[in-house]
Amino acid sequence: MTTDVVVVGAGVVGLSTAVCLAEAGASVAVHAAAPPHLTTSAGAGAMWDPYLVHPRQRVDVWGASTYTELSRLADTGVGVRMALGTQQSRTVCDPPEWLDVLGGRLCTPSELAPGYRSGWRYRAPVVDMPLFLEHLHNRLISAGGRVATRIYRTLREAAEAAPMVVNCTGTGARSLVPDSSLTAVQGQLVVVSNPGISEFFCDDTPDSEELTYIYPHSDTVVLGGTTRPDVWDLRPDADAAEAIFARCAAVDGRLRGASVLGHRVGLRPARPRVRLEEERSASKGRLVHNYGHGGAGLTLSWGCAREVARLVLGGSTADLPGGTAR
Ligand SMILES: Cc1cc2nc3c(=O)[nH]c(=O)nc-3n(C[C@H](O)[C@H](O)[C@H](O)COP(=O)(O)OP(=O)(O)OC[C@H]3O[C@@H](n4cnc5c(N)ncnc54)[C@H](O)[C@@H]3O)c2cc1C
C-alpha cells in the first residue's frame with residue numbers, strides 16, 4: 001500500500017493529526033520513537049486550558065475547535081468528561097476572553113477558596129489521557145491508518161517514507177529539526193485516590209511561580225504542579241511532590257485523607273509560538289511542522305490537526321472531520 005503522509009510522533013498532536021488526515025481519505029502512517037502510552041501526552045493532567053502557549057489569536061481558534069470536538073466526545077467512553085469547576089486568582093483580575101465563549105461566569109465570594117480574591121466558573125473537558133490516546137489510535141486504525149516504531153535522526157530520513165511528512169515530535173523537534181527555540185518546561189504531578197471530588201480547580205494567579213490545580217477523574221485526582229523552564233530531568237522530586245500535595249490540600253481539605261498513588265514528570269514542548277506551517281525549503285517532498293504546543297497540547301490538538309489537514313489536502317476546514325470551529 002502506498003503511503004500519502006507520514007506523521008512523525010504518536011502523542012496527542014501526532015495521533016489527532018493522523019486521524020484527521022485519515023478520516024479525510026489520506027493514506028496515513030504514524031512513525032514514532034515512543035508509542036502513545038509512553039509519550040509526554042500520556043502523562044498530562046489533563047484539562048482543556050490554553051496554558052503556556054502562543055500566539056494568542058491562533059491559540060484561540062485552535063482551542064475553540066478542540067473544545068467543540070472534545071465536547072462531542074464527552075461521556076462516550078473515550079476518557080473525556082465535561083466537568084464544572086473554577087479558575088481562581090490570589091489577586092483581583094479580569095477573566096480570560098474565552099470565559100464568555102464557554103458560557104462561564106464570575107465566582108460568587110462563597111465559591112472562592114481561602115486566600116483567593118477573584119475567580120470564574122465554567123465547564124471544560126477533563127481528559128483521561130491514556131484512554132483518550134487509545135481512542136485516537138483505534139480511530140486511526142479504523143480509518144485505515146497504521147502505527148509503527150521508527151526513530152528518525154533527520155526529517156530527510158522520514159521523507160524517504162512518503163511524499164508528505166508532518167512533524168509532530170514535541171520536544172524531540174529540538175534535535176530533529178533542529179530548533180534551538182524549542183525547550184522543555186518540566187512539569188510534575190501527584191496522582192491521589194479520589195475522596196469524592198468532581199469539580200476541577202485551577203490557580204490562575206498572574207506571575208505566580210507555583211502551580212496549583214486539582215483535576216478529578218473517576219477514581220483518582222491529578223494534583224499539580226510545577227513549571228521548570230529548561231529542565232530536561234524526568235525524575236520526580238520528593239520535595240516538589242510534598243509541596244504540590246500541601247498546596248492542593250489547602251484548597252480542598254478533602255484531599256488530606258487521600259492516598260498518594262503515583263508521581264508523574266513530563267516535558268512540555270515550549271516555544272515562543274507554536275510552529276504550524278509548511279517548510280518550503282524542504283529538499284525532498286513536502287514537510288509540514290506541528291509542534292511546540294507548550295502546556296496546551298491537548299487543548300489545541302484537534303484545531304491544529306484540522307489546520308494541518310487543510311494545508312496538506314487543500315480545501316476548506318469545514319469539509320474536514322469535526323465540522324466548523326465554534
Ligand atoms: C505535567 C504536565 C501536565 C500537562 N497538562 C496539560 C493539560 O492539562 N492540558 C493540555 O492541553 N496540555 C497539558 N500538558 C502539555 C501536553 O502534555 C503537551 O503539550 C503535549 O503532550 C504535546 O504533545 P505532542 O504530541 O506534541 O508531544 P509528545 O506527547 O511528546 O509526543 C511526541 C512524539 O514524537 C515522537 N518523537 C520525538 N522525536 C522523535 C524522533 N526523532 N523520531 C521519531 N519519533 C520521535 C515521540 O516518541 C512521541 O511519540 C501537560 C504537560 C505536562 C508535562
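This chain uses plain numbering: 1 for the first residue, then up along the sequence. Just so you know, ligand 1 is whichever comes first in the structure, and atom 1 is the first atom listed for that ligand. Please read all numbers here as calculations on a predicted model, not as lab measurements.
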Hey, is ligand 1 close enough to [X] that some N/O pair sits below 3.5 Å?
X	result
Tyr152	yes
Ala34	yes
Gly294	yes
Gly297	yes
Thr40	yes
Ala33	yes
Gly295	yes
Pro269	no
Ala10	yes
Leu189	no

Proximal atoms of ligand 1 relative to [X] (non-hydrogen, under 4.0 Å):
X	value
Tyr215	8 (O)
Met47	7 (C), 8 (O), 9 (N), 10 (C), 11 (O)
Ala46	7 (C), 8 (O)
Ala32	44 (N), 49 (O)
Gly45	3 (C), 4 (C), 5 (N)
Gly170	26 (O), 27 (O)
Gly187	1 (C)

Have a look at Ile214 and tell me which of Asp203, Val222, Val192, Leu223 forms a side-chain contact (heavy atoms from CB on, under 4.5 Å) with it.
->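 Among the candidates, only Leu223 passes.
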Test applied, side-chain contact (heavy atoms from CB on, under 4.5 Å); reference residue, Met164; option that passes from Leu313, Val288, Asp4, Val28 | Val288
Does the side chain of Arg146 pick up a donor-acceptor pair with the side chain of Ser27 at under 3.5 Å?
-> yes
Donor-acceptor side-chain pairing of His263 and Gln188 below 3.5 angstrom |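 His263 vs Gln188: no donor-acceptor pair found between side chains.
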Do the side chains of [X] and [Y] get close enough for a salt bridge, i.e. N-O under 4.0 angstrom?
X	Y	answer
Arg271	Asp179	yes
Arg139	Glu69	yes
Arg58	Glu307	yes

Atom CZ of Arg235 with >12 non-hydrogen neighbours under 6.0 angstrom | no
Ligand 1 contacted by Thr171 (non-hydrogen, < 4.0 Å) =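 Judged by the 4.0 Å heavy-atom criterion, Thr171 does not count as contacting ligand 1.
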Aromatic Tyr116 / basic Arg90 pairing, under 6.0 angstrom, 45° off normal = yes
Students should be able to answer this: which protein heavy-atom is nearest to [atom], and at what distance?
atom	result
atom 43 (C) of ligand 1	Arg150 O, 3.2 Å
atom 2 (C) of ligand 1	Arg268 NH2, 4.1 Å
atom 21 (O) of ligand 1	Ser41 OG, 2.8 Å
atom 25 (O) of ligand 1	Val13 N, 3.1 Å

List the steps, then state whether side chain to side chain contact (heavy atoms under 4.5 Å, CB included) holds for Thr226 with Ile244.
-> CA-CA 8 Å; Thr226 60; Ile244 290 169; 4.0 Å; yes
Check step by step if side chain to side chain contact (heavy atoms under 4.5 Å, CB included) holds for Val221 and Tyr215.
-> CA-CA 6 Å; Val221 187; Tyr215 295 164; 5.7 Å; no
Please check if the distance between the ring centroids of Trp120 and Trp98 is under 6.0 Å.
-> no
Identify whether Phe245 and Val251 are in the same connected component of the hydrophobic contact network (ILVMFWY, side-chain heavy atoms under 4.5 Å).
-> yes
